[in-house]
J.: 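The following block contains the structure, expressed as structure tokens.
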Amino acid sequence: MRENEGTAVVNDELEEKTGKRDLLIYPLGELAGGIYKAYFSTYISLLMTSVYMFPVTLAGILESLQSIIQWVAAPIFGVFVDHFTFKKSKFWPWYVIGGAGAGLAYILIFSIPVLSSNPARLAVPVACLIALAAILVASVEQAGLNIYVRLAKTPKYRAYMSSASKFSRDGMKVVVGFAFPLMLAAFTNIFGEEVKSWALTALILAGTAMIVYIINAIVAKGSQLEKNVMANHSTAKKAKKASLSATLKSIFTNPALLVAFVAMVGSKIFFFFHIVGGSYFWKYYIGNFTMMSAFSTSFSICAIIGAVAGVPLFLKILKDTKRSFVMAFVVQAVVYVFSLFIINQNAAVMSIVILSIASFFNGISDSLILSLFAGATDYAKWKHGTSEDGLTMACFSLSVRVGLFLSIAFRTALLVAGGFDSAALAGGAAVPEGVVTALYRMNTVYPLIICVAISLIVTFFYPINDKKLIDIREELKARDSVQGA
């Protein structure tokens, strides 16, 4: 009863301080970002090997460049967005600068092979463009996460915001995941050149994302959140800030943050095996690249259903965010046990089915993990008295990038060890058995191991449940009242 009353009180306060359009800001940014993730992150490696004709090792290095840069950029922008305010605004310009700006970089990456007779020599300009895109994406992502943690204050509201953003992000992945392979094939038939097809497809998709980001900026500009932040800007300047040493201590001695970070890294390693490595799986393991259109669509739809329908169901049954998160990974582990016997080169449809079932439960865990990170910000304030939401939530973005980097590194190492040869395969050579085995394990064995590990780590080491969160927030509120007096 106490928990429900506490939640109701905080929810009432939240509704008083936010407007209806505030609820759209973060999910709308994820909608636009989902377009970039669905085509750039998913197909960049295949672009490097099949269009630029880079060796798979170089392709892996360039693909990893974005993640490495964002390792550094995410915490920097986390601090910067926290402390920097534009002359007449706080958040909305980032959607134009970072969101729309990244779209221009992506268009160039996919288009410059059209201008060269030997794209294999373009490694340096491609690296520069990838670096630029990484910096721009980091800025808009940190602005979005800062908005999320400012608005989502209760377990229920955090789950709602996370599910809405998951729906937006993966909903766009459904559209793009289905359309991209078909658009690529159609444009190739029209132009007779795959290079031009990649360029036109990127122009259409990135252009759409840029428009959505501009709309997002307009929505954010008129939001109650922007008005509140700007109205309190002068007061915020005078507020006492925690020292850098106290902030760093709160991060590195925050068990909630460290566990959430590890869980997210592990989750993204096998997620990107399926998504980013999916082009290799369907082209070289199943042997039918057009099936990736059906896979991407089914995989993303199931994740959306998991986020929208599965999250409320798990929370209703288990009555706690942490328990729901762990159970989602337990069930995923069971699904991957079945995948060991179902996935094979002659079972394309059943492979889609079993991986889509896993994606349903991943949609639940992926939605709830943002709540775990938000809980870590409350833990830092409660335990150490620090209030650096941007820097703490930057660890969320960092964990995604670390997971992507490790996924790319493992995939590249496994493919190289298996005998992957870009030029030979492009010339029609048979796929080496070592490559076939590596692709099978990346979609079955390794996800199973990671799911079991995450379940155990979060169960025994994450220190916050929903009841504890309500107690923490009540104590923080009491502290603020005393200090205000």
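Computed from a prediction, not measured in an experiment: that's the story for all the values here.
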J.: Hey, mind stepping through Leu104 and Met210 against side-chain contact (heavy atoms from CB on, under 4.5 Å) and telling me if it holds?
T.: CA-CA 8 Å; Leu104 294 176; Met210 293 166 68; 3.5 Å; yes
J.: Give every residue pair that meets the side-chain hydrogen bond (donor to acceptor under 3.5 Å, both in side chains) criterion with at least one member in residues 262-277, sequence neighbours excluded.
T.: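 Sorted pair list: Lys268-Asp366, His274-Tyr336, His274-Asn443.
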J.: Using a 3.5 Å distance criterion without hydrogens, assess whether the side chain of Ser365 forms a donor-acceptor pair with backbone atoms of Asn362.
T.: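 Such a contact is found between Ser365 side chain and Asn362 backbone.
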J.: Using ring centroids (six-membered ring only for Trp), state whether Tyr462 and Phe325 fall under 6.0 Å.
T.: no
J.: Please round to the nearest 0.5 Å and tell me the distance separating atom OG1 of Thr444 and atom CD1 of Ile449.
T.: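 One gets 9.5 Å once the value is rounded to the nearest 0.5 Å.
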J.: Is there a side-chain contact between Leu439 and Leu415, using heavy atoms and a 4.5 Å cut-off?
T.: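 Yes, close enough: below the 4.5 Å cut-off.
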J.: What's the spacing between Asp421 CG and Thr49 OG1 if we round to 0.5 Å?
T.: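 Here the interatomic distance stands at 11.0 Å.
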J.: The test is side-chain contact (heavy atoms from CB on, under 4.5 Å); show your working for Phe360 and Val335 and say whether it passes.
T.: CA-CA 10 Å; Phe360 171 85; Val335 174; over 6 Å; no
J.: Measuring only between side-chain heavy atoms, which start at C-beta, is Phe110 closer than 4.5 Å to Thr201?
T.: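 Side chain of Phe110 against side chain of Thr201, heavy atoms only: no contact under 4.5 Å found.
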J.: Is Tyr95 reaching over with its side chain to a backbone N or O of Ile215, donor-acceptor style, under 3.5 angstrom?
T.: no
J.: Could you state the interatomic distance from CG (Leu31) to CE (Met172), rounded to the nearest 0.5 Å?
T.: 4.0 Å
J.: Minimum heavy-atom separation for Ala328 to Phe314, with atom names?
T.: N-CE2, 3.8 Å
J.: Any side-chain heavy atom of Phe299 within less than 4.5 Å of one from Phe271?
T.: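 They are in contact (side-chain heavy atoms under 4.5 Å apart), so the answer is yes.
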J.: Walk me through whether Ile408 and Phe272 qualify under side-chain contact (heavy atoms from CB on, under 4.5 Å).
T.: CA-CA 8 Å; Ile408 294 169; Phe272 287 121; over 6 Å; no
J.: At what distance, to the nearest 0.5 angstrom, does CG of Leu205 lie from CD1 of Ile35?
T.: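 Interatomic distance, Leu205 CG to Ile35 CD1, rounded to 0.5 Å: 7.0 Å.
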J.: Would you say Ile44 and Ile109 make side-chain contact, with heavy atoms under 4.5 Å?
T.: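 When only atoms from C-beta onward are counted, Ile109 and Ile44 do touch, with a gap below 4.5 Å.
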J.: Closest heavy-atom contact between Glu194 and Ser50?
T.: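 Smallest interatomic distance, heavy atoms only, reads OE2-OG, 3.9 Å.
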J.: In this structure, are over 12 heavy atoms from other groups packed under 6.0 Å from Phe461 atom CZ?
T.: no
J.: Could you walk me through whether Ile464 and Thr321 satisfy the side-chain contact (heavy atoms from CB on, under 4.5 Å) test, starting with their C-alpha distance in whole Å, then the side-chain angles of each, then the deciding distance to 0.1 Å, before giving a yes or no?
T.: CA-CA 9 Å; Ile464 305 174; Thr321 301; over 6 Å; no
J.: With distance as the sole test, does Ser351 use its side chain to make a donor-acceptor pair with the main-chain N or O of Ala347 at under 3.5 Å?
T.: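 Pair found, side chain donor or acceptor close to backbone of Ala347.
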J.: Got Val96 and Tyr213 here, is their nearest side-chain heavy-atom distance under 4.5 Å?
T.: no
J.: Do you know which two heavy atoms are closest between Thr188 and Ser197, and how far apart they sit?
T.: N-OG, 2.8 Å
J.: To check you understand the geometry: which heavy-atom pair defines the closest contact between Ala430 and Leu425, and what is its length?
T.: O-CD2, 3.8 Å
J.: Using the side-chain hydrogen bond (donor to acceptor under 3.5 Å, both in side chains) rule, collect all pairs that involve residues 404-416, keeping only residues at least two apart or in two chains.
T.: Ser45-Arg411, Glu63-Arg411
J.: How would you list, by chain and number, every residue that makes a salt bridge (Lys or Arg N to Asp or Glu O under 4.0 Å) with Lys322, sequence neighbours excluded?
T.: none
J.: Hey, what do you get for CZ (Phe270) to CD (Gln332), rounding to the nearest 0.5 Å?
T.: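 The distance works out to 4.5 Å.
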J.: Is the distance from the ring center of Phe410 to that of Tyr446 below 6.0 Å?
T.: no
J.: Side chains of Phe77 and Ile135, heavy atoms from C-beta outward: is any pair under 4.5 Å?
T.: yes
J.: So with a 6.0 Å cut-off around CZ of Arg323, is the heavy-atom count from everything else above 12?
T.: yes
J.: Do Phe187 and Ile204 make a side-chain contact, defined as non-hydrogen atoms from C-beta onward lying under 4.5 Å apart?
T.: yes
J.: Ignoring hydrogens and angles, tell me if any N or O in the side chain of Asn254 forms a donor-acceptor pair with the backbone of Ala376 under 3.5 Å.
T.: yes
J.: Give me the atom names and distance for the closest heavy-atom approach of Leu132 to Ala105.
T.: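 In terms of heavy atoms, the two residues are closest at CD2-CB, 4.4 Å.
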J.: Taking all non-hydrogen atoms of both residues, which atom of Met264 and which atom of Ser399 are closest, and how far apart?
T.: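 Shortest heavy-atom separation between Met264 and Ser399 comes out as CG-OG, 3.0 Å.
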J.: Is the distance between the ring centroids of Trp198 and Phe180 under 6.0 Å?
T.: yes
J.: Distance from Ser339 atom OG to Ile357 atom CD1, nearest 0.5 Å?
T.: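 Taking OG in Ser339 and CD1 in Ile357, the distance rounds to 10.5 Å.
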J.: Using the ring-ring contact (aromatic ring centres under 6.0 Å, His included) criterion, which residues pair with Phe281? Sequence neighbours excluded.
T.: Tyr285
J.: What residue among Asn118, Leu58, Ile112, Leu62 forms side chain to side chain contact (heavy atoms under 4.5 Å, CB included) with Tyr52?
T.: Ile112
J.: Please set out all donor-acceptor pairs under 3.5 angstrom arising from side-chain atoms of residues 291-298, sequence neighbours excluded.
T.:
residue, atom, partner, partner atom, Å
Ser293, OG, Phe178, O, 2.8
Ser296, OG, Met292, O, 2.9
Thr297, OG1, Ser293, O, 2.8
Ser298, OG, Ser356, OG, 2.6

J.: Could you tell me which residues satisfy salt bridge (Lys or Arg N to Asp or Glu O under 4.0 Å) with Glu193, sequence neighbours excluded, listed by chain and number?
T.: Lys196
J.: Would you call Tyr106 and Leu136 a side-chain contact if the rule is heavy atoms closer than 4.5 Å?
T.: no
J.: Taking it one step at a time, do Asn288 and Thr290 satisfy side chain to side chain donor-acceptor pair (under 3.5 Å)?
T.: CA-CA 6 Å; Asn288 186 348; Thr290 58; 2.6 Å; yes
